[in-house]
Amino acid sequence: MRQFWVRKKKSNKARNGSNKQSVTSASSAGMNQPISAHLPTNVEWLYNELGASSDIVTRKIFDAAFGMEGVLIYIDHLVDQQTVNQMIVQPIIGMAAQNPDVRSPLDGMELLKNKALSVGRIEEVRTLGEALDQLLGGHTLILLQGCQAAISADSAGGEKRPVEEPSSQTVTRGPKDGFTENIHTNLSLIRRRIKSPQLRINSRQIGTQTKTQVSVVYMKGIAKDGVVKEVMARLDRIDTDSIMDSGYIEEYIQDAAFTPFPTIQSSERPDAVSAGVLEGQVAIIVDGSPFVLVAPVTFTRFFQSSEDYYQHYDISTFLRFIRFGGFLVSILLPSLYIAISTFHQEMLPTPLVISLASQREGVPFPALIEAFMMEITFEVLREAGVRMPRAIGPAISIVGALVLGQAAVQAGIVSAAMVIVVSFTAISNFVIPYNNMGNASRIIRFVMMLLGGTLGLFGIMAGVMVMLIHLASLRSFGVAYLAPLSPFMRSSWKDVFLRMPRWAMKNRPIMMSSNNRTRGGEGQKPKAPAIPGHEQDPSPEPKS
Amino acid sequence: MSVRARLLFVSRLVSFLGVASLLLTGCWDSRELNQLGFTAATAIDYKEGRWDFSYQIVVPSAISPISVSGASKLPVTVYSTQGKTIREATWRTALESSRNPYFPHNRVIIVSSAAARQGLSTLIDVYLRSTESRETVSVLITDGDARQVLNQLMQLQIIPGDGIEEMISEEAKALSSLPNVKMYDLALELLGTAKSAVLPEIVVTGPPGVTNPDELSRTNLSSQIKLGRLAVLHQDKLVGWVAQQDALGVSFIRNKVHSAVFPFKCEERSRDIDSAFRITHTKTRLTPHKKGEHFIIEIEVKGKGELMETNCPVDLNEPNTIRMMEEQLEKEIVDKIQNSWVAVKKLKTDVVGFADLIHRKYPKEWKRIGPEWQTEFLQTEIRPKAEITIKRVGLIGKSFKLQSEKDG
């Protein structure tokens, strides 16, 4: 018990350390050391800290004749060369050529900041640690002899991927832009969609080594304050050395540690994320990852594609039913097939059972083993399809058609019905718009198959019960995972199984939004104008 | 042990027991599809004081899309077992078959007249008691060796048991002479006030039976399965037969007509029966009346239908002609009912269900006559009435005969 407390205290300390905006690495002393007036000391310190990496560029600016000495430092691979050349170096040289009247280094610094440098974001840093952080963030440092401060000019750049169509969530109608690895691009994609002063972006750095920028995006007044606070608190609790993708963050901040179901949504689509933010969700954007996290999220959200809102509501509603159906098929079809064909043969219509029996004739394995074999084969193929080099694609599809097709049936190893069941299950899995929910169904499917093969329909029922109880117990940032189904919220059912027309959804869903729930005005249902000459007579006023 | 460690231990124990229970007990009554002998039809006979039970078991490999070498070409095989009781006979199948007979998909059960004379109560008991067999199985009766029916192959249906079921259910829908009697119908009727029931007869025409796939490769089979008469049961025993031509009348009284086609004379004075009518939407109402000591049953048949054929020189655009035809139809139906009444009376068995009617309407009198209903039944009279509407006459109004006589 005592040890437990000690451990907690330690982690508290670490947490406090990482809470500061500029993260200091605990290893080196002198991080809080102020910048000294002696220029070479500062430069030497920075060089030592960075281990004299070859990509550090230093350049002397001004000279003693000018009245002050200075050094410009940046890291070659982090900056945008053009910015450094045109916005920083060129103005400085220009300034030196003009021979202005510089009386003291401080004066020179003011001059540089206010008159010379044509970079938008300029900061003055006072400690060496701060200066180091700025340097690693792609800024260009200008250190002046005799100054106890340095100028940090934002010149961050480097290669980035252009905005492309999202590869994992495609639509036929709707915006085609997708998030990229660059957090600034991603933020701009959202900002440009929501031109509201209420859109708030709150950033922090996570990861003692990677110092990854993580931004929390939400709508003030629409998102629940408690949820926003909780998101930030959970982010601040993260104490790790590196963040490579939003997946790292997701594992640290999700509500339940052991569940196959995702309690945080991740999306590659700026329109989907913006729509979520406008409904009161909080987006978490991680630098270096094109997948933006969205929380809180409910179970039914994973079956809503952003395209639902771009095409007509009737087809969207139909497609939602297909998706929910696909999810159920993906979880239950193989297990139901096993259970019914090995325990409850009386449930099938006679012609069907005779047909199934004739297909199973000569198949050497029990249905359970047969189904496991085929499912595993499919999973292997699927994984191979994802991992293999693109050039080998055709080979995989040929082999796949052999092992999961007529050849397997003709070899007498599996029955044709099982091939159909496994293939349909596999296809059904892909109608779920969010891949992580699809993955959940893949795992549950195997458990259900085992239950169906050992205990029959009773086992499947028990499995479904356990799954439902588990789903009902899940929370996502305080929001019940099954809402609005359970707890029942009738007013939010307009966008669950049905997708009501836009003009009918006047309010934001109750689960996510704060009290500010009105989305649009009343009476927006389209009306045809009266045909000229056929206007209805105004009904006579009732006499009363 | 700390709380934490204890919790961990308990959760590990529970999951271990869970997995162990799945692995140890699982699959104990699972049966693969290729371990089952799907029984398509069952036949029951009574010979020399023992039940003789036969099953028609489907051979899946014969109808498999993938040809298994060496598999038989025949879609079914028939086993026979004997025993003092039905269930015992069933279980004796294990002595001769590699697959246990599986009854839920049994479509028909064929009872021989010998077995029916012996009494069907034990068979009904077996069907109601067993969890595996279904009461929705159709029951048919044959006046001979029941096993012979199972041996017969059919041309259009691969599995003969299936074919027999389709045949009787289609007949009951389209022609309505013979009812499709399910096991629970039979049980309910035998438990009814009249304690009597009917069963359709199935016959195999002309020896030799078609039991060999080679014989199937002919357009005209040497023998076929056909539906025959109506068997009448009283108190679970066979008491006699009603001929097929009288069976429709019985169906009319019992309100079991879905659709029927029958010929009639279009006019009172015409010599030949030259028109056909298809009756649908028919309903029969029976009303018992008291007449002195005995009873009169009023039978009202209401129906609509379509004229299907006529060779009378008539113009059907005339409402009077239609009315005349309707009268003839009504007469025809009343005749049918009268004829079948005579046939039923001969068997002294109330298969038409009058006992129930009288019991309900005159419960006091029933107490008196109930015990002697067998004899009282014979004193009962019927007053049949019919009301037929011709709804459609087809595409032509005037008959072709009328048209040709006019031109000639």
Side-chain angles (χ1 to χ4, degrees), chain A residues 1-4 258 337-371 406-420 447 449-459 462-463 466, chain B residues 2-5 11 18-41 57-72 75-76 99-100 102-108 130-134 136-137 157-159 161-162 165-166:
Chain A
M1 269 302 149
R2 203 174 152 200
Q3 259 187 334
F4 184 62
F258 301 106
Y337 177 77
I338 296 169
I340 291 176
S341 74
T342 55
F343 289 91
H344 316 281
Q345 294 92 350
E346 68 277 3
M347 281 180 72
L348 295 167
T350 308
L352 180 61
V353 80
I354 300 284
S355 162
L356 290 179
S358 70
Q359 289 172 27
R360 270 203 63 82
E361 212 50 40
V363 173
F365 305 107
L368 179 63
I369 305 289
E370 197 189 348
Q406 192 61 26
V409 176
Q410 271 167 357
I413 295 173
V414 290
S415 62
M418 186 60 84
V419 171
I420 294 170
V447 179
M449 276 161 63
L450 196 64
L451 286 173
T454 49
L455 298 173
L457 282 186
F458 167 75
V466 169
Chain B
S2 77
V3 180
R4 235 179 122 94
S11 66
V19 171
S21 64
L22 273 190
L23 293 177
L24 292 174
T25 67
C27 318
W28 77 30
D29 53 2
S30 86
R31 288 165 298 189
E32 294 297 332
L33 284 174
N34 43 4
Q35 294 172 337
L36 297 173
F38 290 99
T39 311
I57 288 179
V58 178
V59 182
S61 58
I63 37 182
S64 165
I66 307 130
S67 54
V68 181
S69 57
S72 97
V76 288
R99 296 185 184 182
N100 270 336
Y102 185 66
F103 288 102
H105 290 284
N106 193 7
R107 304 293 293 271
V108 288
S130 160
T131 50
E132 250 194 15
S133 47
R134 293 195 174 175
T136 50
V137 59
Q157 293 279 343
I158 301 170
I159 300 160
D162 239 14
E165 211 271 343
E166 295 284 321

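Order of the sequence lines fixes the chain letters, A, B, ..., with proteins taken first and strands second; residue numbering starts at 1 for each chain.
Partner of A:I354 under the side-chain contact (heavy atoms from CB on, under 4.5 Å) criterion, out of B:D162, B:L33, B:V58: B:V58 alone.
For chain B, the option among A:L451, A:L450, A:T342, A:V353 with the highest count of heavy-atom pairs below 4.5 Å is A:T342.
A:L356 CG to B:N34 CG: the interatomic distance, rounded to the nearest 0.5 Å, is 11.5 Å. A distance of 14.0 Å separates CZ in A:R360 from OG in B:S61, rounded to the nearest 0.5 Å.
Neither the backbone nor the side chain of B:F103 comes within less than 4.5 Å of any heavy atom of chain A. No part of B:I158 comes within reach of chain A, as not one of its non-hydrogen atoms sits under 4.5 angstrom from that chain.
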Next on the checklist: Go through it in stages, so that I can follow the logic: the residues are A:E346 and B:Y102, the test is side-chain contact (heavy atoms from CB on, under 4.5 Å), and I'd like the CA-CA distance, side-chain angles, deciding distance and then a yes or no.
Outcome noted: CA-CA 9 Å; A:E346 68 277 3; B:Y102 185 66; 2.8 Å; yes
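Closest approach of B:P60 to A:S358, counting heavy atoms only: O-CB, 3.2 Å. Minimum heavy-atom separation, B:R31 to A:Q345: O-NE2, 2.7 Å.
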